[in-house]
Novice: 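One structure coming up, written as structure tokens, with questions to follow.
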Amino acid sequence: MDLPSLAVVLRAALSHVPEERKAAEESLNQFQYTPQHLVRLLQIIVDGSCDMAVRQVASIHFKNFIAKNWSPNDPDESPKVLESDKAMVRENILGFIVQVPPLLRAQLGESIKTIVHSDYPEQWPSLLHWVSHNLDLQNQIFGALYVLRVLARKYEFKSEDERIPLFHIVEETFPRLLSIFSKLVQIVNPPIEVADLIKLICKIFWSSIYLEIPKQLFDPNVFNAWMVLFINLLERPVPVEGQPIDPEIRKSWAWWKVKKWTIHILNRLYTRFGDLKLQKPESKAFAQMFQKTYSGKILACHMQLLNAIRGGDYLPDRVINLVLQYLTNSVTKNSMYQMMQPQIDILLFEIIFPLMCFNDNDQKLWDEDPHEYVRKGYDIIEDLYSPRTAAMDFVSELVRKRGKNNLQKFIHFIVDIFRRYDEASADLKPYRQKDGALLSIGTLCDKLKQTDPYKSELETMLVRHVFPEFSSRVGHLRAKAAWVAGQYAHINFSDPNNFRQAMHCIVSGMHDPDLPVRVDSVFALRSFVEACKDLNEIRPILPQLLDEFFKLMNEVENEDLVFTLETIVDKFGEEMAPYALGLCQNLAAAFWRCMASSEADDEADDSGALAAVGCLRAISTILESISSLPHLFTQIEPTLLPIMRRMLTSDGQDILVPLDNYISRGTDHFLACKDPDYQQSLWKALQSIMMDENMEDSDIEPAPKLIEVVFQNCKGNVDHWVEHYLRITIERLRRAHKPYLKCLLVQVIANALYYNPALTLEILNKLGVAADIFNHWFAMLRQVKKSGARVNFKREHDKKVCCLGLTSLIALPAAKIPADALDRIFKATLELLVAYKDQVAEAKKQNEEAADDMDGFDADEEDDDEVDSDKEMGLDDEDGDEVSSLQLQKLAAEARGFQPADDDDSDDDFSDDELHSPIDEVDPFIFFVETVQGLQASDPARFQNLMHTLDFSYQALASGIAQHAEQRKNEIEKEKSEKANAQ
């Protein structure tokens with residue numbers, strides 16, 4: 001398709017006539033793989049004489065095509081883009097990034113990111129030279145910085161050996177970058193464009209030092225030159241002129257972004273590289289230098305910055321949050337605390353406490369969007385960016401580490417607020433200060449429970465200052481009273497009537513006119529149900545309680561609501577039988593609502609999906625509670641079967657946990673129950689999905705995972721299902737295209753071998769596929785990328801399952817496994833065990849480093865505001881910001897007790913957190929060595945023959961695995977001993 005024709009088709013893609021639009025889209029799909037198509041799209045994007053709407057459609061089509069086709073995920077897949085077209089795109093796209101308007105720059109930026117991540121440095125070695133050259137050209141600096149940011153960000157989270165190209169990038173560009181940075185900082189009355197350039201430089205620096213400081217920066221003179229500029233930016237007031245009035249726009253203003261990124265960088269240097277306790281011996285000198293030279297200066301700047309709060313001046317929430325993180329980390333360091341101490345009262349009572357009080361923004365959200373108020377209040381991601389949460393963390397750390405001097409005066413301050421509140425008339429009561437005081441008391445709950453004289457006064461404090469607010473005229477105080485009561489539900493009440501009064505007030509709060517009060521009441525109820533020693537306190541109000549609960553579930557999608565229901569079900573057990581059907585129906589309805597909400601919302605921290613998981617977990621708890629009443633299952637089954645089918649598709653794979661739990665925790669019931677027949681129902685669902693030719697590979701991934709759950713949990717009890725499951729697995733493997741699905745299907749076979757190697761091998765031979773299956777498996781094991789990383793079986797779990805399956809074959813007699821096959825199996829297993837051992841060690845190392853990094857939720861991630869900024873630059877792809885979506889999504893998921901699915905196409909070898917299974921207790925190294933020892937004992941000649949066929953390298957591997965197995969035995973025995981002594 002020539003250029004004019006392509007422009008016509010792109011214009012037609014904007015048509016309001018559905019037929020014209022569909023025809024245009026079909027035409028684009030038809031010609032997208034033809035030579036020069038990508039190049040022509042790029043020509044239209046940069047053609048200033050072309051209509052902007054057409055250019056925009058071209059840019060979106062260009063970005064989507066590159067994202068999908070530039071670098072195929074499957075190494076066996078033939079390339080979709082000609083190398084000549086790729087070369088032409090690489091040659092021209094960089095120069096265009098500055099020429100096009102921001103609307104198009106976002107799409108081109110996304111495309112550049114995709115190409116850089118795929119091609120640099122191997123296929124695009126000239127890229128770094130282009131950046132270096134253009135940093136010296138006045139009219140190209142923005143484009144050069146833009147691309148350098150993409151380059152640096154590629155390596156931001158890479159391990160040390162993968163960061164080698166970054167060190168070369170730093171060496172080539174940082175001297176010039178520092179010079180540009182210095183000149184920009186020295187400009188008097190700089191325009192807003194200077195802020196955009198400085199922000200880019202900050203982001204480049206951030207990505208380059210996130211995990212490790214490049215060796216070039218260890219030069220004291222070089223490092224000091226950078227630090228002088230960052231501290232200059234930290235000290236310098238943000239320009240007044242040009243600041244937007246709208247607070248939502250104001251916080252994203254470029255100069256405030258510069259301030260935020262400067263603090264971000266200095267916090268990172270301080271918490272990761274400036275703390276002597278966290279450093280390796282070779283890095284301690286740098287940490288000492290940083291503490292001595294810079295830590296105090298930064299603290300002084302931060303304290304000065306916070307003074308804006310006292311004067312009522314503006315500071316963005318994220319800036320306040322980051323500054324308070326720095327102060328919180330400084331509390332434990334003597335020299336830093338000494339600097340803080342003269343101003344600690346001002347800091348605590350005039351800055352920190354006001355941040356903890358209910359404010360105008362809270363009231364506006366409470367009145368205009370109570371659902372959003374609730375969401376923000378219970379969102380762990382919001383907590384990481386919140387000034388209020390950072391203030392609470394500071395108070396907690398202060399009284400924990402420096403309580404001797406601070407706890408008493410802080411409590412006196414709170415008590416004085418209580419006194420003034422009680423003495424004032426209704427119109428003059430300091431309602432917002434009372435809210436902050438209650439938040440403070442709740443925040444310090446653990447400390448006060450353990451500290452004299454406060455722990456003996458807690459019940460009196462609740463009765464006098466908390467319980468009266470259940471009937472307050474002010475909604476946010478009713479909500480806060482419920483929350484505080486929930487925090488203290490587990491104390492020993494000397495008067496049972498006080499416990500009873502609080503619980504009844506909380507139940508009443510479940511039908512409060514204000515939604516946030518109702519939600520806080522439900523969460524508080526959970527604590528009271530857990531603490532309740534006499535269930536007769538709850539039994540009379542249980543029907544009313546459940547009714548109010550489900551009304552609330554119809555209003556709010558929040559998985560914490562379901563935690564409360566689970567607690568109630570768990571507490572009452574079989575007594576819930578009369579309510580079981582209604583509970584399951586209500587939860588099922590809530591599940592479908594949450595799934596619909598999730599599908600309509602693409603946010604990474606999607607509350608709908610989390611709430612759906614909660615619904616299923618609660619259903620699972622209900623089923624467990626009535627497991628001895630099988631007649632109820634028949635009534636419930638029609639409600640659950642549609643959900644089961646949904647769970648076995650890709651849309652429902654993150655809700656796989658409850659179904660896994662149902663099989664793994666209720667294995668006996670799953671195996672024994674015939675009315676309904678759960679094994680048959682599961683088989684029908686899995687067969688239907690696995691054999692559906694219209695379902696894409698990615699859609700059926702949960703199905704083989706569930707077959708694995710059956711084989712691992714039902715060992716020795718489902719022989720009659722092995723052939724059925726192997727047949728549909730092999731059939732689907734023949735049609736599978738995606739590498740991840742192929743791995744999952746091969747792992748079904750590995751699990752079957754571990755379940756019963758003789759039976760499984762017999763079935764494979766009966767089906768006439770044994771040789772093909774093993775050849776395919778070994779070929780997949782051999783596939784590696786240019787980097788040496790494995791293409792398949794990336795996760796620890798994948799490797800372990802393969803090891804157990806292959807090792808099980810070694811135990812079979814010679815009649816089953818010929819000598820040449822045994823040799824291949826033995827060598828492949830050795831290689832896998834070594835890879836597994838290395839991956840486990842690397843994961844352990846990374847976990848230790850991550851634990852060091854957290855430092856009380858250091859939150860060194862980019863926040864939501866930055867996502868919008870990066871979209872303008874084209875720097876946030878469909879995976880979102882690597883930290884703010886991926887890492888925080890996992891953090892949020894872990895906090896709620898489950899893991900998100902791994903990114904199938906990622907290049908990383910994940911140290912994944914699989915669902916718990918019986919193989920967790922099986923050490924693959926010990927299993928391998930004991931299996932080989934069994935072979936040696938049962939057939940010495942065969943064992944000797946096998947050893948003679950191994951060359952020196954495999955003998956060395958075998959020796960190393962044997963030593964590691966012995967080490968693991970000792971470690972396991974030590975763990976068992978420590979656990980026994982602890983009980």
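When reading the values below, keep in mind they use all heavy atoms of this one structure, side chains included, and skip hydrogens, waters and symmetry mates. Not measured: the values here are computed from a predicted model.
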Novice: Of all residues at least two apart in sequence or in a different chain, which pass the side chain to side chain donor-acceptor pair (under 3.5 Å) check with N970?
Specialist: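 None.
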Novice: Quick check on side chain to side chain contact (heavy atoms under 4.5 Å, CB included): which of I707, I749, I773, V769 does L726 satisfy it with?
Specialist: I749
Novice: Which word best sums up how the rings of F925 and Y836 line up, parallel for under 30°, tilted for 30 to 60°, or perpendicular for over 60°?
Specialist: tilted
Novice: Contact between I636 and I619 at the side-chain level, heavy atoms closer than 4.5 Å - yes or no?
Specialist: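 The answer is no; the side chains never approach within 4.5 Å.
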Novice: Side chains of L745 and M690, heavy atoms from C-beta outward: is any pair under 4.5 Å?
Specialist: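 They are in contact (side-chain heavy atoms under 4.5 Å apart), so the answer is yes.
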Novice: What is the ring orientation for W777 with F774, classed by angle as parallel under 30°, tilted 30 to 60°, or perpendicular over 60°?
Specialist: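 Aromatic pair W777/F774 classed parallel.
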Novice: Among residues at least two apart in sequence or on other chains, which ones pass salt bridge (charged side-chain N to carboxylate O under 4.0 Å, His left out) with K80?
Specialist: E77
Novice: How long is the span from the CD atom in Q944 to the CG atom in D939, to the nearest 0.5 Å?
Specialist: 10.5 Å
Novice: Would the distance check show the side chain of S959 and the main-chain N or O of Q955 forming a donor-acceptor pair, the cut-off being under 3.5 Å?
Specialist: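 No, S959 side chain to Q955 backbone: no donor-acceptor pair under 3.5 Å.
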Novice: Could you pull out the closest heavy-atom pair between C615 and F591, with the gap in Å?
Specialist: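 That would be SG-N, 3.8 Å.
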Novice: Which distance, rounded to the nearest 0.5 Å, do you find between the CD of Q687 and the CG of L682?
Specialist: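 Rounded to the nearest 0.5 Å, the CD-CG separation comes to 11.5 Å.
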Novice: Can you give me the closest heavy-atom contact between V569 and S625, atom names plus distance?
Specialist: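 Minimum heavy-atom contact is CG1-OG, 3.8 Å.
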Novice: With rounding to the nearest 0.5 angstrom, report the CG to CD1 distance, L759 to I763.
Specialist: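 The distance works out to 4.0 Å.
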Novice: Do any N or O atoms from the side chain of R790 and from the backbone of L781 form a donor-acceptor pair under 3.5 angstrom?
Specialist: yes
Novice: Name all residues meeting the salt bridge (charged side-chain N to carboxylate O under 4.0 Å, His left out) criterion together with K684; count only those two or more places apart in sequence or in a different chain, and write none if there are none.
Specialist: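 K684 satisfies salt bridge (charged side-chain N to carboxylate O under 4.0 Å, His left out) with no other residue.
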Novice: Parallel, tilted or perpendicular, judged at 30° and 60°: which one describes the rings of F65 and Y33?
Specialist: tilted
Novice: Hydrogens and angles aside, do Q967 and E971 bring a side-chain donor and acceptor to less than 3.5 Å of each other?
Specialist: yes
Novice: If every non-hydrogen atom of I961 is compared with every non-hydrogen atom of V929, which pair is closest and at what distance?
Specialist: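 So the minimum-distance heavy-atom pair works out to O-CG2, 4.2 Å.
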Novice: How long is the straight-line distance from CE of M691 back to CD of E731, given to the nearest 0.5 Å?
Specialist: 4.5 Å
Novice: Do the non-hydrogen side-chain atoms of Q747 and H797 ever get within less than 4.5 Å of each other?
Specialist: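 Heavy-atom side-chain distance check passes, below 4.5 Å.
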Novice: Heavy-atom distance under 4.5 Å between the side chains of W721 and C714, does that happen here?
Specialist: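 The answer is no; the side chains never approach within 4.5 Å.
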Novice: A side-chain contact here means heavy atoms from C-beta on lying under 4.5 Å apart; do V746 and N792 qualify?
Specialist: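 No, every pair of side-chain atoms sits at 4.5 Å or beyond.
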Novice: Can you tell if the side chain of P704 reaches within under 4.5 Å of the side chain of L686, non-hydrogen atoms only?
Specialist: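 In short, these two side chains do not touch, never coming nearer than 4.5 Å.
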Novice: Check whether more than 12 heavy atoms from other residues, nucleotides or ligands sit under 6.0 Å from atom CD of E696, and answer yes or no.
Specialist: no
Novice: Which residue pairs pass the side-chain hydrogen bond (donor to acceptor under 3.5 Å, both in side chains) test with at least one member in residues 750-765, sequence neighbours excluded?
Specialist: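 Qualifying pairs: E708-N751, Q712-N751, D719-Y755.
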Novice: So, taking the atom named CD in Q635 and the one named CD1 in I626, what distance separates them when rounded to the nearest 0.5 Å?
Specialist: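 So the gap between those two atoms works out to 8.5 Å.
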Novice: Do the non-hydrogen side-chain atoms of T807 and P924 ever get within less than 4.5 Å of each other?
Specialist: no
Novice: Under the salt bridge (Lys or Arg N to Asp or Glu O under 4.0 Å) criterion, do D697 and R735 qualify, and how do the steps go?
Specialist: CA-CA 9 Å; D697 282 4; R735 293 188 281 116; over 6 Å; no
Novice: Would you check, one step at a time, whether the test side chain to side chain contact (heavy atoms under 4.5 Å, CB included) holds for R968 with Q963?
Specialist: CA-CA 9 Å; R968 287 293 298 133; Q963 292 175 16; over 6 Å; no
Novice: Are Q679 and L671 side-chain neighbours, meaning at least one heavy-atom pair lies under 4.5 Å?
Specialist: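 Side chain of Q679 against side chain of L671, heavy atoms only: contact under 4.5 Å found.
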Novice: Of all heavy-atom pairs between T639 and C584, which one has the smallest distance, and what is that distance?
Specialist: CG2-O, 3.9 Å
Novice: Could you check L741 against I700 for side chain to side chain contact (heavy atoms under 4.5 Å, CB included), going step by step and ending with a plain yes or no?
Specialist: CA-CA 8 Å; L741 179 62; I700 71 155; 3.9 Å; yes
Novice: Taking all heavy atoms of T829 and all of C803, pick out the closest pair and write down the distance.
Specialist: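 Shortest heavy-atom contact: CG2-O, 4.2 Å.
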Novice: Grab the two heavy atoms, one from K799 and one from K794, that are nearest each other, plus how far apart they are.
Specialist: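 The answer is NZ-O, 2.8 Å.
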Novice: Using the test salt bridge (charged side-chain N to carboxylate O under 4.0 Å, His left out), find all partners of D823 that sit at least two apart in sequence or belong to another chain.
Specialist: K827
Novice: Apply side chain to side chain contact (heavy atoms under 4.5 Å, CB included) to residues V709 and K705 and explain how you reach the verdict.
Specialist: CA-CA 7 Å; V709 171; K705 291 180 181 179; 5.9 Å; no
Novice: For the CD1 atom of I825 and the CG atom of L809, what is their distance to the nearest 0.5 Å?
Specialist: 4.5 Å
Novice: Identify, with sequence neighbours excluded, every residue that meets salt bridge (charged side-chain N to carboxylate O under 4.0 Å, His left out) alongside R782.
Specialist: none
Novice: Please walk me through it: do E966 and I926 pass side chain to side chain contact (heavy atoms under 4.5 Å, CB included)?
Specialist: CA-CA 7 Å; E966 193 61 34; I926 298 173; over 6 Å; no
Novice: How are the rings of F711 and Y725 set relative to one another: parallel (under 30°), tilted (30 to 60°) or perpendicular (over 60°)?
Specialist: perpendicular
Novice: Does this structure show an ion pair linking R727 with E723, if we count only N-O contacts that are shorter than 4.0 Å?
Specialist: yes
Novice: Do the side chain of K800 and the main chain of R795 share a donor and acceptor less than 3.5 angstrom apart?
Specialist: no
